[in-house]
Amino acid sequence: VVTAMSRYQAALLGLGLLFLLLLYVGLPGPPEQTSRLCRDPNVTVLAGLTRGSSPIFYREVLPLHQPRRAEVLLLHGKAFNSHTWEQLGTLQLLSREGYRAVALDLPGFGNSAPAKEASTEAGRAELLQQVLQELQMKNVVLVSPSLSGRYALPFLIQGHQQLHGFVPIAPTSTQNYTQKQFGAVKTPTLIVFGELDRVLAQESLRQLRHLPNHSVVKLHNAGHACYLHKPRDFHLALLAFLDRLP
Ligand SMILES: *[C@@H]1O[C@H](CO)[C@@H](O)[C@H](O)[C@H]1NC(C)=O
Ligand SMILES: *[C@@H]1O[C@H](CO)[C@@H](O)[C@H](O)[C@H]1NC(C)=O
Ligand SMILES: *[C@@H]1O[C@H](CO)[C@@H](O)[C@H](O)[C@H]1NC(C)=O
């Protein structure tokens, strides 16, 4: 009877152990570690890009998984720099979605020193041109908020053949170009602005409307820096646009 009892107990114990083992094997691994591996792209690399005397700094993320065709170049507004796109999670998101993304510190912002080339329209267009060349960016989608229009618009007007897409976010300098100049730009464009931005958004929209292949996204309840006020909506619109590009 005693042996029968312990055999019964041993069997129970065995079953219990087997159950624990199954439970263990069936459970996902330590949650923090796995999700970190999946979620954190190889974050931003800060490096100096030397052109002439003054280096231009930038942050870059590489596609985390299978790379997509488009590469995204992010400029910034007056109160910001490349770090803004890291803080907002835009760089990391683009990497997770398979895009190479680069955020620049424009001359005089972030780590980049002021550059005298930046004082002319031609100099600013040339600067972007050099950035694309030195970073060997291809199929570039240029994201240009506010003040960065000083760089993006002269580049767009002259060099739109090199752009795969354009995402102006209430940029400055649109007044410097004519309806005819905009009309000649075939680049697919996503015009983004904040509903509460009454001045620059409206002014730039009047001009950007002449771009033949554009769509418009108005972010509700957002001001001039609408991507900061409504990052989720901004990110969704940007990803949808990138996904639609040929
Ligand atoms: C992160 O990126 C750097 C530079 O692009 C590269 O040298 C490094 O191997 C990457 N690390 C991982 C874990 O992917
Ligand atoms: C706009 O055009 C004027 C006159 O050509 C020029 O002086 C000015 O620098 C331009 N502004 C920008 C922001 O490109
Ligand atoms: C317009 O842009 C979309 C992407 O937003 C693209 O798929 C389409 O081919 C473009 N149309 C023309 C006529 O270039």
Side-chain angles (χ1 to χ4, degrees), residues 56 58 68-78 85 90 94 99-104 106-107 117-194 197 199-219 224-227 234-235 237-246:
I56 300 288
Y58 65 97
R68 308 250 212 146
R69 201 155 155 250
E71 301 183 1
V72 183
L73 179 62
L74 299 142
L75 307 181
H76 61 79
K78 193 171 185 170
W85 297 115
T90 312
L94 288 169
Y99 299 101
R100 176 189 182 198
V102 175
L104 290 191
L106 291 171
E117 307 91 294
S119 59
T120 67
E121 233 177 302
R124 292 188 292 269
E126 174 61 21
L127 188 136
L128 284 190
Q129 177 71 56
Q130 289 208 7
V131 165
L132 297 190
Q133 244 162 39
E134 290 190 33
L135 295 180
Q136 301 187 350
M137 291 190 79
K138 288 186 295 282
N139 301 311
V140 176
V141 176
L142 183 61
V143 177
S144 171
S146 196
L147 162 113
S148 68
R150 286 162 58 75
Y151 291 82
L153 282 149
F155 184 80
L156 177 80
I157 298 299
Q158 290 172 24
H160 54 90
Q161 301 83 355
Q162 297 177 66
L163 288 181
H164 198 59
F166 181 47
V167 184
I169 311 172
T172 59
S173 305
T174 55
Q175 309 312 310
N176 267 31
Y177 305 97
T178 63
Q179 180 170 341
K180 189 159 170 255
Q181 283 175 305
F182 284 111
V185 173
K186 305 289 184 266
T187 313
T189 298
L190 175 69
I191 300 171
V192 182
F193 67 94
D197 181 355
V199 182
L200 203 43
Q202 296 311 316
E203 182 182 294
S204 59
L205 184 60
R206 264 198 301 278
Q207 298 285 79
L208 294 169
R209 276 215 174 108
H210 301 304
L211 292 167
N213 192 0
H214 77 260
S215 49
V216 179
V217 166
K218 175 162 80 174
L219 299 185
H224 180 56
C226 56
Y227 47 94
F234 169 69
H235 286 150
L238 178 63
L239 290 179
F241 173 70
L242 292 174
D243 202 42
R244 279 200 308 273
L245 290 175

> Please enumerate all residues that pass side-chain contact (heavy atoms from CB on, under 4.5 Å) together with Thr120, with sequence neighbours excluded.
Ala122
> Is the backbone N or O of Thr178 less than 3.5 Å from a side-chain atom of Gln181, with the two atoms forming a donor-acceptor pair by type?
yes
> Is there a side-chain contact between Leu208 and Thr189 in this structure, where contact means two heavy atoms from C-beta onward sitting under 4.5 Å apart?
no
> One pair to check against side-chain contact (heavy atoms from CB on, under 4.5 Å): Leu104 and Tyr151. What are the steps and the verdict?
CA-CA 12 Å; Leu104 290 191; Tyr151 291 82; over 6 Å; no
> Got Asp197 and Cys226 here, is their nearest side-chain heavy-atom distance under 4.5 Å?
no
> Tell me the closest heavy-atom pair linking Ala103 and Trp85, and the distance in Å.
CB-CD1, 3.8 Å
> Can you see which heavy atom on Asp243 is nearest to which on Tyr99, and at what distance?
N-OH, 3.9 Å
> Does some side-chain heavy atom of Asn176 sit less than 4.5 Å from a side-chain heavy atom of Leu153?
no
> Given Ser146, which of Lys78, His76, His224 fulfils the side chain to side chain donor-acceptor pair (under 3.5 Å) condition?
His224
> If you look at every heavy atom in Ser215 and Arg244, which pair is closest and at what distance?
OG-NH2, 3.5 Å
> Can you check whether Leu239 reaches Leu94 side chain to side chain, under 4.5 Å on heavy atoms?
yes
> How close do Leu238 and Thr90 get, counting heavy atoms only, and between which atoms?
CD2-CG2, 4.4 Å
> Sub-3.5 Å donor-acceptor pair from the side chain of Arg69 to the main-chain atoms of Pro246, do we have one?
yes
> Taking side chain as C-beta onward, heavy atoms only, is Val167 less than 4.5 Å from Val72?
no
> Applying side-chain contact (heavy atoms from CB on, under 4.5 Å), name anything that partners Lys186, two or more places apart in sequence or on another chain.
Pro212
> Using the ring of each side chain (for Trp, its six-membered ring), is Phe182 parallel, tilted or perpendicular to His210, with breaks at 30° and 60°?
tilted
> Name the one of His164, Lys138, Gln136, Arg100 that satisfies side chain to side chain donor-acceptor pair (under 3.5 Å) with Glu71?
Arg100
> Say you draw a straight line from CG of Leu75 to CZ of Arg150; how long is it, rounded to the nearest 0.5 Å?
12.5 Å
> If you measure from OG1 on Thr174 to CD1 on Ile157, what distance do you get to the nearest 0.5 Å?
10.0 Å
> Within the structure provided, determine whether Leu205 and Gln202 are in side-chain contact (heavy-atom separation under 4.5 Å).
yes
> Please indicate whether Gln161 has more than 12 foreign heavy atoms, meaning atoms of other residues, nucleotides or ligands, lying under 6.0 Å from its CD.
yes
> Can you tell if the side chain of Leu132 reaches within under 4.5 Å of the side chain of Gln162, non-hydrogen atoms only?
yes
> Under the side-chain contact (heavy atoms from CB on, under 4.5 Å) criterion, do Val216 and Phe193 qualify, and how do the steps go?
CA-CA 8 Å; Val216 179; Phe193 67 94; 3.5 Å; yes
> Can you name the closest pair of heavy atoms from Ser148 and Leu106 and give their distance?
CB-CD1, 3.9 Å
> Which atom pair, heavy atoms only, marks the closest approach of Gly149 to Ser144?
N-OG, 3.5 Å
> Could you walk me through whether Phe166 and His214 pass the side-chain contact (heavy atoms from CB on, under 4.5 Å) check?
CA-CA 9 Å; Phe166 181 47; His214 77 260; over 6 Å; no
> Can you list the residues that meet the side-chain contact (heavy atoms from CB on, under 4.5 Å) rule with Leu163, with sequence neighbours excluded?
Val140, Leu142, Phe155, Leu156, Thr187
> Is there a side-chain contact (heavy atoms from CB on, under 4.5 Å) between Val192 and Phe234 once you walk through the steps?
CA-CA 8 Å; Val192 182; Phe234 169 69; 4.2 Å; yes
> Enter the distance from Leu245:CG to Asn139:CG here, rounded to the nearest 0.5 Å.
9.5 Å
